[in-house]
Amino acid sequence: MTDLPAEFAPRLIHWQRHAGRHGLPWQGTRDPYRVWLSEIMLQQTQVSTVLAYYARFLDHFPDVAALAAAPIDEVMALWSGLGYYSRARNLHRCAQAVVAEHGGRFPATARELETLPGIGASTAAAIAAFCFGERVSIVDGNVKRVLARLLAFEGDVGQAASQRAMWDLAQRLLPAEVEHDDMRAYTQGLMDLGATVCTRTRPRCEACPASELCEALKRQDIARYPVKARRAQRRFERWWLLFAIRGDQVWLQRRPAPGIWAGLHAPAVFTSEEAMQVVSPADWPSRWIATDAVAHALTHRELQLLPHWVAVEGVPADWVGEWVSLSALASVGLPAPVRSLLSGDWATQVLDQ
DNA sequence: TATTCGTGGGT
DNA sequence: TACCCAAGAAT
């Protein structure tokens with residue numbers, strides 16, 4: 001077992017209280033609902049992106065009971081544009097589980113929290129530490145970067161074995177004795193250090209409370225850590241989107257789960273023009289209009305979206321979906337590029353054909 | 001265990 | 001530009 005610097009935790013706690021972040025909207029509360037909501041939204045998502053979504057969610061759903069009672073489509077609509085939509089579906093399921101199985105109160109331990117939908121080990125630890133002062137560590141992207149540098153950790157942090165090692169190291173770095181509110185400052189300190197000092201590029205080591213303990217800095221090799229293999233190249237796909245417009249309405253279908261945009265509404269998607277023609281009524285192809293391709297990058301795929309628009313009287317009887325007014329799209333969960341396309345001029349122009 | 005889930009910002 | 005990646009979880 002490697003010797004770990006016992007000074008890390010007290011230094012981090014002191015630094016967070018003096019130089020950490022304190023004004024974020026989900027700080028300054030021990031309400032598990034608010035902390036949980038922020039932690040789910042912040043998974044793989046930057047603070048600046050979350051701010052507006054967080055405010056809107058709290059406005060619509062002030063407590064877990066309100067969220068549990070809401071229709072899933074309202075949740076999806078509010079989540080629309082934030083990405084990783086399984087988070088929204090699990091958020092709703094989790095709220096319902098808290099109400100139905102825990103009397104409307106979040107459980108107070110990381111072990112119990114982790115059994116709830118959408119709450120993994122790190123999110124459970126964050127809620128338990130922030131709200132209940134439990135002595136457990138988060139292991140998010142910040143922690144992996146901070147620990148990799150602090151300890152000159154040579155493993156590929158993208159691999160599962162390294163992830164397990166990181167959990168063990170993170171637990172051993174926790175403050176030995178937790179005094180009042182220490183876990184809040186410590187946990188927030190890990191996040192703040194990674195976000196504002198121990199950044200991926202150009203870390204500000206001169207401002208770091210752990211610089212004297214940092215093995216990577218001692219070796220003058222900060223840029224080496226964290227060690228991480230290159231990600232596989234994204235797979236390229238073309239998707240034909242068929243926007244059928246009837247008056248001021250557009251035909252939308254619910255995207256199947258599992259898969260991309262699961263649970264959201266979107267126009268019919270085809271992976272070839274032939275497939276789109278086969279299911280279309282005979283007179284549509286001569287009237288549809290193709291507009292500029294849209295490039296849309298996901299984590300593992302590079303989509304090229306090919307929008308096609310056609311003014312129609314109706315759709316075949318066996319199509320599963322619904323007509324949605326263009327003026328009502330704000331209350332529908334749409335993928336970001338679909339919302340962008342529908343907010344452009346084409347939908348209304350097709351109407352005038 | 002490695003892959004599959006969005007989107008926008010930063011370099 | 002083409003990456004990287006951000007308070008990860010589910011499968």
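Only heavy atoms go into these numbers, but all of them, side chains included; no hydrogens, no water, no symmetry mates. Since the structure is predicted, the reported quantities are computational estimates derived from the model, not experimental observations. Here is the naming used below: chain letters follow the sequence lines, and residue numbers restart at 1 for every chain.
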Participant: For a quick check of understanding: with a heavy-atom distance under 4.0 Å over all strands, which category does A/P337 fall into, base, sugar-phosphate or nothing?
Facilitator: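 Sugar-phosphate only.
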Participant: What's the CG-C1' distance between A/L51 and B/dG8, to the nearest Å?
Facilitator: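 Roughly 14 Å, once rounded to whole Å.
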Participant: Are A/D181 and A/R17 close enough for a salt bridge, meaning some N to O gap below 4.0 Å?
Facilitator: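 No.
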Participant: Could you give the CD-to-P distance, from A/Q233 to C/dC5, as a whole number of Å?
Facilitator: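 One finds 16 Å between P of C/dC5 and CD of A/Q233, rounded.
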Participant: Taking any heavy-atom pair under 4.0 Å as a contact, classify A/R164: base, sugar-phosphate, or nothing.
Facilitator: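 Sugar-phosphate, no base atom in range.
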Participant: Quick test of your reading of the model: are A/R224 and A/E154 salt-bridged, counting only N-O distances below 4.0 Å?
Facilitator: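 Counted as a salt bridge, because a side-chain N and a carboxylate O are separated by less than 4.0 Å.
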Participant: Report the residues that fulfil side-chain contact (heavy atoms from CB on, under 4.5 Å) with A/Y53, sequence neighbours left out, ordered by chain and then residue number.
Facilitator: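 By the side-chain contact (heavy atoms from CB on, under 4.5 Å) rule, A/Y53 matches A/M41, A/R56, A/L82.
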Participant: If you pin A/A161 and A/S48 to their nearest nucleotides in DNA chain B, which one's is more 5'?
Facilitator: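 Residue closer to the 5' terminus by nearest nucleotide: A/A161.
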Participant: Is A/H296 near enough to B/dT7 that one of its side-chain N or O atoms lies under 4.0 angstrom from OP1 or OP2?
Facilitator: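 A/H296 to B/dT7 OP1/OP2: side-chain N or O found under 4.0 Å.
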Participant: Could you tell me if the ring centre of A/W288 sits under 6.0 Å from that of A/W309?
Facilitator: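 Between A/W288 and A/W309, the centre distance exceeds or equals 6.0 Å.
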Participant: What distance separates A/R204 CZ from A/C198 SG, expressed to the nearest 0.5 Å?
Facilitator: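 It comes to 11.5 Å.
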Participant: Using a cut-off of 4.0 Å on non-hydrogen atoms, how would the nucleic acid contact of A/R301 be classed: base, sugar-phosphate, or nothing?
Facilitator: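 Result for A/R301 = sugar-phosphate.
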Participant: So which of residues 70-83 of chain A are in contact with DNA chain B, with a heavy-atom cut-off of under 4.0 Å?
Facilitator: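 Contacts with DNA chain B under 4.0 Å: A/G81, A/L82, A/G83.
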Participant: Write down the distance between NZ (A/K228) and P (C/dC3), rounded to a whole number of angstrom.
Facilitator: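 So the two atoms are 16 Å apart, to the nearest Å.
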Participant: Between C/dA7 and B/dC5, how far apart are the two P atoms, rounded to whole Å?
Facilitator: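 It comes out at 23 Å once rounded to the nearest Å.
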Participant: State which residue, out of A/R164, A/R172, A/Q171, fulfils the side chain to side chain contact (heavy atoms under 4.5 Å, CB included) condition with A/D168.
Facilitator: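 Going through the options one by one, the only one that passes is A/R172.
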Participant: Would you say C/dA2 has OP1 or OP2 under 4.0 Å from some side-chain N or O of A/R231?
Facilitator: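 Checking C/dA2 against A/R231, no side-chain N or O comes under 4.0 Å of OP1 or OP2.
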Participant: Please find out if less than 6.0 Å separates the ring center of A/W284 from that of A/W251.
Facilitator: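 No.
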Participant: Rounded to the nearest angstrom, tell me the gap between atom CD in A/E302 and atom C1' in C/dC3.
Facilitator: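 For the pair A/E302 CD and C/dC3 C1', the rounded distance is 11 Å.
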Participant: Give me the distance, rounded to whole Å, that separates B/dT1 from C/dA6 when you measure between the P atoms they each carry.
Facilitator: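 Result for the P pair: 23 Å, nearest Å.
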Participant: Looking only at heavy atoms, which two atoms of A/L113 and A/A128 are closest? And how far apart?
Facilitator: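 Looks like CD1-N, 4.0 Å.
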Participant: How far does the P atom of C/dT11 sit from the matching atom of B/dG6, given to the nearest Å?
Facilitator: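 These two P atoms come out 14 Å apart once rounded.
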Participant: Between C1' on C/dT1 and CZ on A/R234, what's the gap in Å once rounded to a whole number?
Facilitator: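 Taking CZ of A/R234 and C1' of C/dT1, I get 12 Å after rounding.
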Participant: A/I40 has an atom CD1; how far is it from atom P of B/dG6, in whole Å?
Facilitator: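 In whole Å, B/dG6 P lies 15 Å from A/I40 CD1.
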Participant: Provide the closest heavy-atom pair for A/R87 versus A/I40 in the form atom of the first, atom of the second, distance.
Facilitator: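 Shortest heavy-atom contact: NH1-O, 3.1 Å.
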Participant: Separation of A/L298 atom CG from B/dT3 atom P, in whole Å?
Facilitator: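 Rounded to whole Å, this separation is 17 Å.
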Participant: Please state how far atom CG in A/L303 lies from atom P in B/dT4, giving the value in whole angstrom units.
Facilitator: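 Rounding to the nearest Å, CG of A/L303 and P of B/dT4 are 13 Å apart.
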Participant: Taking A/P267 as the fixed residue, which of A/V338, A/L341, A/L242 is the one that meets the side chain to side chain contact (heavy atoms under 4.5 Å, CB included) rule?
Facilitator: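 That would be A/V338.
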Participant: Got a list of protein N/O to nucleotides 7-11 of chain C N/O distances below 3.5 Å?
Facilitator:
from	atom 1	to	atom 2	distance (Å)
C/dA7	OP2	A/N142	OD1	2.7
C/dA7	OP2	A/N142	ND2	3.4
C/dA7	O5'	A/N142	ND2	3.0
C/dA7	O4'	A/D140	OD2	2.8
C/dA7	N7	A/E39	OE2	2.8
C/dA7	N6	A/W26	NE1	2.6
C/dA7	N1	A/R21	NH2	3.4
C/dG8	OP1	A/G141	N	3.0
C/dG8	OP2	A/Q44	N	2.8
C/dG8	OP2	A/Q44	NE2	3.3
C/dG8	O3'	A/T123	OG1	3.4
C/dA9	OP1	A/G120	N	2.9
C/dA9	OP1	A/G120	O	3.4
C/dA9	OP1	A/T123	N	3.0
C/dA9	OP1	A/T123	OG1	2.8
C/dA10	OP1	A/G118	N	2.5

